[in-house]
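Excluded from the calculations below are hydrogen atoms, water molecules and symmetry mates; all remaining heavy atoms, backbone and side chain alike, are included. Below, read A as the first sequence line, B as the second, and so on, with proteins coming before strands; counting in each chain starts at 1.
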Amino acid sequence: MSAKKLQSIRGIHDGLPVEVARWQRVEQAARKVFGGYAFAEVRMPILEPTELFVRSVGEDTDIVSKEMYAFTDQGGDNICLRPEGTAGAVRAWLQGGLTRAGAQRWYYIGPMFRRERPQKGRLRQFQQIGVEMFSAPGPVEDAEVLAMAHAFLCELGIPDLTMEINSLGCDACRPAYRERLVTYLQARAACLCETCVERIARNPMRVLDCKVASCQQELADAPEMVCHLCDECDTHFTTVQKGLDALQIPYRVNPRIVRGLDYYNRTAFEIVTDKLGAQGTVLAGGRYDGLVQELGGPATPAIGFAAGIERLAMLLEDTDAAVPDVAVVALGEAVHGYALAQADLLRKAGLSVVHCGGGSAKRQFKMADRECVRFVAVIGEDEMQAATVMLKNMASGEQQSVATAAVAALIAA
RNA sequence: GUGGACGUAGCUCAAUGGUAGAGCCCCGGCUUGUGAUGCCGGUGGUUGGGGGUUCGAGUCCCCUCGUCCACCCCA
């Protein structure tokens, strides 16, 4: 057995400081905006029983049938790394006894796992910011959740995003529509691509957003769900749009939006960009009125969405890296303790301080320079005797002797 | 899972099958407690890994790992 290089698992990447700084900008925007809608953070387990996703996401979906990291633990239990957040949130909501606690507005931030072939913007471990709203029956909630998603992305300042919405109908109207669609597709099966032919039986709605040009051409007049909604669904969808109009949120009805997960009904939406190649979906979600019941709870309407942190981070403008306020340069063994104490005092004054570690002045100044600090506090025996530091402005080269207590004020000026 | 491109120093990249190099970065020096520019010097590679062909492989062949791109699908 050859010595294999020790490295992270394929498609599972490290978050180094530069990258994490971008993630944090995404997270901060989420916390700020979601807070304004009175959503509260929850933290759910990363490991869940495999059965949870089989029953919620759907056994026939790609996520469950071939992308889950699932295994048997030492006790013989079937567990897996969560591939998405909604199922676990519903499970937690039920387990926490919150079914009669009134509306629950949740958000969470954390890693999800899908064993796919990695690509840019598609990792095996990736992070999502998810939102779930339980006991949310009406189109008003839909409009507000969509508005919140929109506000979140506006807060991040990402340009050229498009919100697309659709209605997937409900148990009352979807089966009839599905049948109509299958009939339509079967009549044209000969003209469709191979995968679409397979999809007719497995997931006919998927055929609608096939990327193959010839398929799209063939499907130009395919029946669309939005034209076959029952009265309740139609009213719901119309009211959602009125809400978005009232909030002046730009959107486009895209009758071809299909959600990959089984639990969605009625409102489905995606926010997409054309800057990320094949991974254009940056945020997506919808209503899932049947899921709670599916998992053994009382019939509870709910809606949510999830955004990919890495995908959003890639769309962010670069910003200047955070830089410490002061670097401490200590000259000589004798000032060892004094310099440490001065650094400590500066930090207690609220400054961000790096200690250059002693040694030659040149080495320490080079280090300070690389840190991009604006000021250096030079501390030698003279300064120690006088109970001061020599504060140097790195841009101008000027330096002056000051008491430590005065440093913070000088830097702020 | 399928198809394709790629993998050489920390980074960006060279090297008609014939001694592995450059730039940047890093470290040290250009006298004593002062950085960015300059000059001089230095560290650093089993060419992703393993097999094969050959007198000789970074280069050709096979396998494997990884990255990227597309499909599938999704955040």
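Using a 4.0 Å cut-off, some side-chain N or O of A:R10 falls inside it from OP1 or OP2 of B:U67. Within the 4.0 Å cut-off from OP1 or OP2 of B:U67, at least one side-chain nitrogen or oxygen of A:H13 is found. Between A:Q364 and B:G35, a side-chain N or O to OP1/OP2 separation shorter than 4.0 Å is absent. Taking only side-chain nitrogens and oxygens, A:R115 never comes nearer than 4.0 Å to OP1 or OP2 of B:C73. For A:R370, a side-chain nitrogen or oxygen approaches OP1 or OP2 of B:C26 to under 4.0 Å. Between B:U34 and A:K362, no contact under 4.0 Å exists linking OP1 or OP2 to a side-chain N or O. OP1 and OP2 of B:C72 both lie 4.0 Å or more from every side-chain N or O belonging to A:R114. The phosphate of B:C73 (OP1 or OP2) has a side-chain N or O of A:R199 nearer than 4.0 angstrom.
The side chain of A:A361 approaches B:G33 more closely than any other nucleotide in the set B:G35, B:G33, B:A75. Side chain of A:A306, nearest nucleotide from B:G33, B:C71, B:A75: B:A75. Between B:C72, B:A75, B:G33, one nucleotide has an atom nearer to the side chain of A:E116 than all others, and that is B:A75. In the set B:G33, B:U34, B:C69, B:U34 carries the atom at the smallest distance from any side-chain atom of A:K392.
One finds a salt bridge joining A:R252 and A:E164 here, because a Lys/Arg side-chain nitrogen approaches an Asp/Glu carboxylate oxygen to under 4.0 Å. Between A:E224 and A:R256, at least one side-chain N (NZ, or NE/NH1/NH2) sits under 4.0 Å from a carboxylate O, which counts as a salt bridge.
As the counterpart of B:C26, B:G42 is assigned, both hydrogen-bonding distances of the Watson-Crick or G-U wobble pattern falling under 3.5 Å. Shown here, B:G66 forms a base pair with B:C6; the pair counts as Watson-Crick or G-U wobble because both key distances fall under 3.5 Å. Nucleotide B:C71 forms a pair with B:G1, judged by Watson-Crick or G-U wobble geometry with both contacts under 3.5 Å.
A side-chain contact (heavy atoms from CB on, under 4.5 Å) with A:F269 holds for exactly one of A:L283, A:I257, A:N166; it is A:L283.
The closest side-chain heavy-atom distance from A:R124 to A:P118 is below 4.5 Å.
No side-chain donor-acceptor contact under 3.5 Å links A:S352 and A:D325.
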